[in-house]
Amino acid sequence: MFRLEELGWNEFFATQIARGELETMVPARIAEENREIYRVFSPEGERWAELTGKLRHTAGSRADLPAVGDWVLLRVPDGAQRAILHRVLARRSKFSRKAAGKKTEEQIVAANVDTLFVVASLHHEFNPRRIERYLTLAWDSGARPVVVLNKADLCDPASIHEAEATIAGLGVSSVVASATRGDGVSQLHAHVRGGTVAFLGSSGVGKSSLINALLGEHRQDTKEVREGDGKGRHTTTTRQMLLLPGGGVLIDTPGMRELQLWDAAAGVSSAFADIQSLAQDCRFRDCRHESEPGCAVRAAAEDGSLDQERLASYHKLGREERFLEAKQDAAVRAKQAKAVKRLMRGVNRFYRDRGR
Ligand code: GDP
Ligand code: ZN
């Protein structure tokens, strides 16, 4: 059983409930989504829910359907059936990506995040511009960002201060942390303030380690999931929404983890400033640094002045970016073609009618 407040419920959601609605329905929070079957936490406990046909059919797009972190209203039938999900409450914040499916579509990867921990490593790759990109994502989403400067144990005090000052200059709070030593963990808890948090940041900066530090001894939580039919089953996947010891909710979806990659793809040029500057010496303006003659970037990779792996990740991200762009273009072109067709039908009708 959960109390609503411990799931992150607040005034923002309470005011969306119409009088009488709670006589037949309960508020619940989406903890996991799997092909339109939803695991929900509510004062009625933990259970599985499915959409009403009406909700499915009135949803204009995938983004109108529930996502992890969403608050919904459910009807819980008597007996041992799945709960029925009637309404998705308006979101306070959302993180989305463009899903490259049959058509490029907005996909919500986490909803109603209050505080976003943007994690950066103080060691090696401290890159304020990358942090700014993540901050942009946070502000676009509606969540309040806090920059976590991790791996302080590997860094001297002077450069820690410098990094702190840089972040302060961006007008954002920061926490100096070391997941391995446990520094800063209590400050992270203080920023949670009973709200909902999520983590964002490049691979390897220490997000998982910090999450484990926040979860403390609860991290090996293998609680049983009880389905409505009474059959228990063990969860094998990592949980996407967890209650933090000491209050607060953590959202950690695979989609949220991928944002790091998609964000990097969108920012290929800024994240790879070194390659960009080498590229000015390539023979061709539009050199892709693949097999073009006179490529300065590949030359640098060959003579060792540019890390081979760095060039490889540049190519990988570049390919993903182009792929996504192509998908979007195709979607846009299809839409335009439809609009032109509609327009031409109108024009033809006009001339036909006039000819009468
Ligand atoms: P993620 O990819 O952002 O989830 O990063 P991980 O949590 O998997 O950490 C990547 C690596 O950095 C692992 O080897 C961690 O042990 C290490 N790491 C994480 N936090 C710290 C830290 O504060 N100090 C040090 N020295 N290593 C850390
Ligand atoms: Zn080149």
Side-chain angles (χ1 to χ4, degrees), residues 109-110 116-127 130-131 133-134 137 146-157 159-160 163-164 174-188 197-216 219-220 238-240 242 250-264 268-269 271-303 305-308 310-315 317-319 322:
V109 297
L116 180 76
F117 290 129
V118 173
V119 185
S121 167
L122 284 163
H123 194 52
H124 286 320
E125 304 236 337
F126 182 73
N127 179 345
R130 193 179 308 147
I131 296 174
R133 290 198 50 78
Y134 283 124
L137 271 181
V146 172
V147 173
V148 184
L149 300 167
N150 192 35
K151 307 202 186 182
D153 56 298
L154 300 177
C155 223
D156 60 282
S159 41
I160 295 175
E164 281 186 293
S174 67
V175 172
V176 174
S178 162
T180 43
R181 264 196 332 221
D183 303 6
V185 175
S186 59
Q187 277 169 279
L188 295 185
V197 295
F199 284 76
L200 204 61
S202 306
S203 180
V205 295
K207 295 180 297 297
S208 311
S209 310
L210 288 165
I211 286 171
N212 282 337
L214 269 184
L215 291 172
R219 72 191 194 188
Q220 298 301 352
T238 31
R239 304 198 142 211
Q240 300 180 1
L242 292 131
L250 167 76
I251 293 183
D252 182 24
T253 64
M256 200 66 199
R257 294 207 165 217
E258 278 163 35
L259 267 189
Q260 136 212 308
L261 194 140
W262 290 83
D263 170 62
V268 166
S269 43
F272 289 92
D274 50 345
I275 293 182
Q276 223 60 19
S277 90
L278 283 168
Q280 299 188 332
D281 295 328
C282 291
R283 187 175 306 161
F284 299 106
R285 253 275 152 79
D286 59 351
C287 183
R288 290 186 162 187
H289 326 307
E290 276 161 2
S291 53
E292 296 89 342
C295 174
V297 173
R298 264 187 312 118
E302 271 151 33
D303 74 19
S305 53
L306 174 70
D307 189 14
Q308 298 259 6
R310 193 155 166 77
L311 181 56
S313 43
Y314 172 86
H315 278 139
L317 292 173
R319 269 194 293 277
R322 285 198 292 274

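All ligand and atom numbering here is 1-based and tracks the order in the structure.
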Just jot down the ligand 1 atoms closer than 4.0 angstrom to any heavy atom of [X], in number order.
X: Ala179; value: 20 (N), 22 (C), 23 (O)
X: Leu154; value: 26 (N)
X: Ser178; value: 23 (O)

Consider every N or O of [X] and every N or O of ligand 1, then say whether any pair is closer than 3.5 Å.
X: Gly204; result: yes
X: Ala177; result: no
X: Ser208; result: yes

Does the pair Val297 and Leu306 meet the rule for a side-chain contact (heavy atoms from CB on, under 4.5 Å), with working shown? CA-CA 8 Å; Val297 173; Leu306 174 70; 3.8 Å; yes
Nearest heavy-atom neighbours spanning Cys282 and Ala296: SG-N, 3.4 Å
If you have a sec, read the angle at the Zn ion (ligand 2) from Cys282 atom SG over to His289 atom ND1, to 10 degrees. 100°
To the nearest 10°, how many degrees is the angle Cys287 SG to the Zn ion (ligand 2) to Cys295 SG? 110°
With a 4.0 Å cut-off on heavy atoms, is Ser203 in contact with ligand 1? yes
Drop me the distance from [X]'s [atom1] to [Y]'s [atom2], to the nearest 0.5 angstrom.
X: Arg288; Y: Cys295; atom1: CZ; atom2: SG; value: 12.5 Å
X: Met256; Y: Phe199; atom1: CE; atom2: CZ; value: 10.5 Å
X: Ile275; Y: Leu311; atom1: CD1; atom2: CG; value: 5.5 Å

For ligand 1, the portion of Asp153 having any non-hydrogen atom under 4.0 Å away: side chain
Residue pair Tyr134 / Ile131, side-chain heavy-atom distance below 4.5 Å: no
Is the side chain of Thr253 donor-acceptor paired with the backbone N or O of Val109 at a distance under 3.5 Å, no angle test? yes
